[in-house]
Amino acid sequence: MESIYCQGCGAKIQTSNPESAGYTPKSSLAKENILCQRCFRLKHYNEVQDVSITDDDFLEMVSSIRKTEGLVVHVIDIFDVDGSLIKSLPRIIGDNPIVLVGNKIDLLPQSTNKRRLTQWLKSQAKEAGVTVSDVFLISSKQGHGIQTLTHQLEDYRAGRDIYIVGTTNVGKSTFINRLIKETSGENDVITTSYFPGTTLGFIEIPLDNKTSIIDTPGIVNKQQMVHYVSDKDVKLITPNKEIKPRVYQLNSSQTLFFGGLARLDFIKGDQSSFVCYFSNQLPIHRTKLENADALYENHVGDLLSPPNAKTLENLPRLTKSTYRITGDKTDIVFPGLGWVSIAGAGATVIVHSPKGVAISVRKSLV
Ligand code: GDP
């Protein structure tokens with residue numbers, strides 16, 4: 001087949017993978033002006049849809065941002081900061097400023113300290129080498145913080161384009177669909193490719209006569225927990241409503257399993273409370289430390305699930321790290337899953353998580 005490019009975004013048209021850039025159903029190939037499905041939906045329904053590409057392709061295409069002047073809005077999932085923060089972003093985009101947007105705050109318990117969360121996001125970004133001009137907390141789904149953000153973006157962009165970047169599943173499409181509602185009228189919002197002749201897959205939503213919001217495809221980060229579980233289990237581990245903390249009073253030598261995806265051993269310390277913030281559907285199992293290894297061996301994939309028997313094959317083995325809780329109430333964060341808040345000063349815990357999914361520790365948010 002001769003290569004055809006989408007009239008909207010410039011992505012190379014393909015008919016095999018609906019989740020990748022440039023997809024269009026075979027039946028549309030007969031049309032005169034071919035659009036990929038993403039551009040078609042944007043044009044006719046004013047709605048963006050996710051597509052994804054690999055890290056390398058992304059690097060190549062987003063590097064074109066380097067050569068332009070724009071504001072980069074990096075959307076991340078506050079439940080998966082490590083998995084959704086694009087550490088290579090500064091290299092990719094050059095000197096353009098970055099605004100960090102933490103999405104999905106509607107899932108946090110009401111009592112969450114937002115200021116502390118903002119601080120933590122800022123420090124996580126900094127640690128990863130990503131310097132940000134500002135941090136905002138929003139819920140694309142419920143609309144919290146969207147208006148404030150839209151106003152502030154107007155200032156930050158100072159007449160330039162806005163590039164929206166993020167890994168898959170952070171809620172980038174939901175966010176852009178909100179922005180479209182906030183900023184555009186009734187007109188068809190899609191315009192033609194910003195970088196003609198290249199297979200970019202960027203789509204543009206005009207802000208005014210000169211500038212646009214530019215949606216870039218989501219990057220797949222292989223280390224995100226969601227890639228290790230089935231689609232059904234993604235629904236289970238991803239919180240879909242406000243998290244209800246589950247409290248366990250543990251003595252030392254007790255263990256908690258979070259499905260079969262992560263584990264926490266309370267090794268040493270006085271009895272203390274372990275407050276678990278995970279999707280309300282994720283099963284948590286308490287057991288004695290001495291039985292924990294055998295339980296995992298025999299029951300990961302059934303009693304300790306997700307993963308299931310099939311996705312277990314893809315799950316990297318669990319690796320351990322040890323933490324000693326000092327002074328303040330501390331959160332042990334399992335990227336993509338949730339966190340456990342521990343009050344007991346002096347407690348020692350061992351945390352198990354799939355190799356490559358990096359645990360982090362912070363001052364408690366709640
Ligand atoms: P994308 O892959 O980054 O474009 O992500 P989507 O916009 O498709 O969203 C991924 C999932 O997260 C969907 O199930 C959305 O409903 C959900 N989601 C997006 N934004 C929010 C939010 O602010 N709060 C909650 N609770 N869920 C959200």
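Just so you know, ligand 1 is whichever comes first in the structure, and atom 1 is the first atom listed for that ligand.
Ion pair Lys104/Asp80 not flagged as a salt bridge, since none of the NZ, NE, NH1 or NH2 atoms sits closer than 4.0 Å to an Asp/Glu carboxylate oxygen. A salt bridge between Glu313 and Lys310 is absent, with no side-chain N of the basic residue lying under 4.0 Å from a carboxylate O of the acidic one. Taking a cutoff of 4.0 Å between a charged side-chain nitrogen and a carboxylate oxygen, Asp82 and Lys87 qualify as a salt bridge. Look at Lys210 and Asp161 and you find no salt bridge, because none of the NZ, NE, NH1 or NH2 atoms lies under 4.0 Å from a carboxylate O.
In this model, no donor atom of one side chain and acceptor atom of the other lie less than 3.5 Å apart for Ser84 and Asp77.
Between Gln142 and ligand 1, not a single N/O pair is under 3.5 Å apart. Ligand 1 has an N or O atom lying under 3.5 Å from an N or O atom of Lys172, backbone or side chain. The N/O atoms of Gly171, backbone and side chain alike, include one that comes under 3.5 Å of an N/O atom in ligand 1. Ligand 1 has no N or O atom lying under 3.5 Å from any N or O atom of Pro239, backbone or side chain. Any N or O atom pair closer than 3.5 Å counts here, and Asn240 shares no such pair with ligand 1.
Contacts between Asn103 and ligand 1 below 4.0 angstrom, taking non-hydrogen atoms only, involve the side chain exclusively. If you look at Leu107 next to ligand 1, the close heavy atoms, those under 4.0 Å, all belong to the side chain. When non-hydrogen atoms are compared, ligand 1 lies under 4.0 Å from the side chain of Asp106 (C-beta onward) but not from its backbone.
Atoms of ligand 1 found under 4.0 Å from any heavy atom of Thr168, numbered from 1 in the order shown, are 2 (O).
Residues Lys363 and Lys329 have side chains not in contact (no heavy-atom distance under 4.5 Å, counting atoms from C-beta outward).
In this structure, Arg362 is positioned above the aromatic face of Trp339, its NZ or CZ under 6.0 Å from the six-membered ring centre and within 45° of the axis.
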